[in-house]
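This is a predicted model, so every value here is computed, not measured.
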Amino acid sequence: MISLVAGTPDTDATVARLLRNQRDIGNAFAPFYGRAAGAALTRELRRHILIAADVIAAAKAGDQARLAAEQTRWRANAADIAALLSRANPRHWKRTALNTMLAEHLRLTTAEVVARLQGDWTADVAAYDRVHRHALGMADVLSAGLVAQFPGRFR
């Protein structure tokens, strides 16, 4: 996000690394839910990142109509991610809870982008901290659900 907002020379390398994270997550998902499910998750997470880049581009350009359209796409993608995860583990990853969690992720990330675009560095740092804490919480929810669904595969 920082590189995209600033348009710094590291943007392509940073985005490529971030997209690799999405593949790594899908690959970690595959041993539990199958290769097709892992590939589907990778696709949705990759879309998540690419749409976020489109949201940032629209916000930077001040194009309110495009920004609204991209935010709608982003919310739909988050719902798709929640649905995919919930289908894989309906008992421990409830769709409504995942939708709420991902909506909060979008809200917090948007606040961080807005603070950075406005040059409000104090708010930007505080927003980053909130995004980071929330991401750790999402990881905890997903890990706990995985362990609960497959207890014999964990010690």
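In this structure, Ile25 is a member of the same hydrophobic cluster as Phe154, with clusters built from ILVMFWY side-chain heavy atoms closer than 4.5 Å. In the hydrophobic cluster analysis, where Ile, Leu, Val, Met, Phe, Trp and Tyr join through side-chain heavy atoms closer than 4.5 angstrom, Trp93 is grouped together with Leu41. Hydrophobic clustering, with ILVMFWY side chains joined whenever heavy atoms are under 4.5 angstrom apart, groups Val15 together with Leu117. Cluster annotation: Ile2 is connected to Ile49 through the hydrophobic network of ILVMFWY side chains, with a link wherever side-chain heavy atoms come within less than 4.5 Å. Residues Met1 and Leu108 do not share a hydrophobic cluster, clusters being chains of Ile/Leu/Val/Met/Phe/Trp/Tyr side chains in contact below 4.5 Å.
Between Asp120 and Asp124 the shortest side-chain heavy-atom distance does not fall below 4.5 Å. Residues Arg116 and Glu112 form no side-chain contact, since every pair of their non-hydrogen atoms from C-beta on lies 4.5 Å or further apart. At a threshold of 4.5 Å between non-hydrogen side-chain atoms, the residues Phe32 and Gln149 do not count as touching.
The environment of CZ in Arg46 is sparse: at most 12 heavy-atom neighbours from other residues, nucleotides or ligands sit within 6.0 Å. By the neighbour-count criterion of 12 heavy atoms within 6.0 Å, atom CZ of Arg17 is densely surrounded, having more than that number from other residues, nucleotides or ligands.
One finds the OG atom of Ser3 at 3.0 Å from the CG atom of Asp10 (value rounded to the nearest 0.5 Å). To the nearest 0.5 Å, the span separating CG on Leu98 from NE2 on His105 amounts to 13.0 Å. Between the CG atom of Leu50 and the CD atom of Glu70 there is a distance of 11.0 Å, given to the nearest 0.5 Å. For the atom pair Thr109 OG1 and Ile56 CD1, the distance stands at 9.0 Å (nearest 0.5 Å). Of the inter-residue distances, the one linking Leu85 atom CG with Met138 atom CE reads 10.5 Å to the nearest 0.5 angstrom. Here the straight-line distance linking atom CG of Leu18 with atom NE2 of His48 works out to 8.5 Å at 0.5 Å rounding.
Looking only at distances, no side-chain donor or acceptor of Thr11 sits under 3.5 Å from a matching main-chain atom of Gly7. Without hydrogens or angle criteria, Asn89 side chain to His92 main chain gives a donor-acceptor distance under 3.5 Å. No donor-acceptor pair closer than 3.5 Å links the side chain of Lys94 to the backbone N or O of Asn99. Lys60 places a side-chain N or O within donor-acceptor distance of the main-chain N or O of Val5, the cut-off being under 3.5 Å.
When each of Asn77, Leu19, Ile81, Leu84 is paired with Leu45, the side-chain contact (heavy atoms from CB on, under 4.5 Å) condition holds for Ile81 and for no other. No option in Arg73, Arg47, Arg43 other than Arg47 meets the salt bridge (charged side-chain N to carboxylate O under 4.0 Å, His left out) test with Asp80.
Between Gln22 and Thr42, the shortest heavy-atom distance links the atoms O-OG1, 3.6 Å. A pairwise comparison of heavy atoms in Arg66 and Ala58 identifies CG-CB, 3.8 Å as the closest pair. The shortest non-hydrogen separation linking Tyr33 to Leu146 is OH-CD1, 3.4 Å. Annotation for Arg95 and Ser86: closest pair N-OG, 3.3 Å, computed over non-hydrogen atoms. Of all non-hydrogen atoms in Ala78 and Leu102, the two that sit nearest each other are O-CD1, 3.3 Å.
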For this session: Determine, stepwise, if the pair Thr110 / Arg107 fulfils side chain to side chain donor-acceptor pair (under 3.5 Å).
Result: CA-CA 5 Å; Thr110 298; Arg107 187 188 72 73; over 6 Å; no

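For Phe29 and Phe150, the distance between ring centers is not under 6.0 angstrom.
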